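Contents: one structure, followed by commentary.
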Amino acid sequence: MDAFIAKLPKAELHIHIEGSLEPELMYALAARNNIRLPYASAGELRKAYAFSSLQDFLDIYYQGMSVLITEQDFYDLALAYLGRAAADNVRYAEIFFDPQGHTARGVAFETVINGLLRALADGERLFGIRAHLIMCLLRHLDEDDAERTLDLALPYKDRILGLGLDSSEVGHPPSKFKNVFARAGREGFRLVAHAGEEGPPEYVWEALDVLGVERVDHGNRALEDKELVRRLAADRMPLTVCPLSNLALCRVEALHQHPLRRMLDLGLNVTLNSDDPAYFGGYLNSNYQAVADALGLGRDEIGQIARNGFAASFRSKDGMTKRG
Ligand code: ADE
Ligand code: ZN
């Protein structure tokens with residue numbers, strides 16, 4: 001099965017570029033930028049990666065991304081991810097980035113976007129992998145901050161595929177961002193949001209009905225609501241499921257209990273993704289292999305999930321497809 005998965009052409013639709021920052025690169029960038037990190041070495045830092053909740057992880061994730069200062073740092077980060085993804089036979093990726101995690105530290109939006117876009121162009125040339133960017137809003141911040149971030153993105157709107165919503169979920173429902181999502185939709189951004197990772201099914205309803213998302217990131221807790229499951233199945237709404245993330249953040253105790261099996265049985269449109277691979281112990285093939293082993297998935301199911309990834313993407317033959 002491992003060889004089958006390795007050979008399978010795959011799309012990745014849920015990857016936070018800042019979550020692909022491996023400790024070794026983090027330490028190299030810290031040295032380059034004269035930043036002191038609180039752990040003695042990359043190995044010591046890795047040992048601190050033991051999380052019991054999303055917030056536990058996010059605290060370390062925001063601290064880690066503070067080594068990203070220059071355009072070259074963002075370039076190096078994204079090119080490293082693209083190389084790893086290409087080695088997993090990922091042919092196409094839609095990549096999240098968190099501009100507010102950088103602008104709040106005084107790094108200009110232009111610095112972030114120029115580094116990432118240059119890496120995407122080189123990644124296609126060097127590794128043959130196509131990729132686009134989805135800008136995520138941090139939901140623990142307020143909607144005014146989100147609106148200002150969308151303003152910063154508008155000059156680049158032809159080069160940013162979509163808008164997403166991430167960070168601390170509980171207490172920050174999608175409806176908090178109703179206006180900014182409506183404006184982004186009018187500006188042509190494709191819309192997605194994290195919902196039902198830790199938050200209740202109501203947040204998934206809101207992502208669909210208040211924000212008008214075209215994909216739900218995670219969506220695990222939707223299974224607690226039968227009517228919601230019916231809706232997701234009827235709409236063929238894609239869910240970007242991230243098994244190793246769910247395990248690392250204690251959303252499941254063990255992978256054999258992962259809801260993916262039930263999602264498939266319920267006819268949901270699931271895709272597999274790595275979320276924050278540098279923190280959760282594996283890139284895309286590791287996620288496929290982990291669920292194939294733990295849930296006893298066969299080649300037909302694995303192949304179907306990989307096809308779902310391409311079908312749920314916003315790609316088109318000649319570039320990215322914005323909303324018309
Ligand atoms: N930001 C990076 N990874 C995230 C996740 N799994 N959930 C919410 N926000 C995130
Ligand atoms: Zn995520």
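Numbering of ligands and ligand atoms starts at 1, following listing order. Every value quoted in this text rests on a predicted model; they were computed, and no experiment measured them.
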Quiz item: Is there an N/O/S atom in Cys242 that lies less than 2.8 Å from the Zn ion (ligand 2)?
Solution: no
Exercise. Check the side chains of Ser53 and Glu198 for a donor-acceptor pair under 3.5 angstrom, ignoring hydrogens and angles.
Key: no
Quiz item: Ring centres of Phe177 and Phe181 under 6.0 Å apart?
Solution: no
Quiz prompt | Protein contact to atom 7 (N) of ligand 1 [nearest heavy atom, distance to 0.1 Å] | solution = Glu197 OE1, 2.7 Å
Exercise. For atom 9 (N) of ligand 1, find the nearest protein heavy atom and state the residue, atom name and distance (0.1 Å precision).
Key: Ser167 N, 2.8 Å
Practice problem: Using the ring of Phe314 (Phe, Tyr or Trp, six-membered ring only), decide whether Arg215 places NZ or CZ under 6.0 Å from its centre and within 45 degrees of its axis. | Solution: yes
Practice problem: Would you check if Asp145 and Thr149 make a side-chain contact, meaning some heavy-atom pair closer than 4.5 Å? | Solution: yes
Quiz item: What is the closest protein heavy atom to atom 3 (N) of ligand 1, and at what distance does it sit?
Solution: Asp276 OD2, 2.7 Å
Self-check item: Sub-3.5 Å N/O-N/O distance, Asp98 and ligand 1
Solution: no
Quiz item: Short check: any N/O/S atom of Asp275 below 2.8 Å from the Zn ion (ligand 2)?
Solution: yes
Exercise. Note the single closest protein heavy atom to atom 6 (N) of ligand 1, along with its residue, its atom name and the distance in Å.
Key: Asp275 OD2, 2.7 Å
Quiz item: Does any N or O in the side chain of Asp98 come within less than 3.5 Å of the main-chain N or O of Gly101, such that one atom is a donor and the other an acceptor?
Solution: no
Practice problem: Kindly state whether the ring of His194 and the ring of Phe96 have centres lying under 6.0 angstrom apart. | Solution: yes
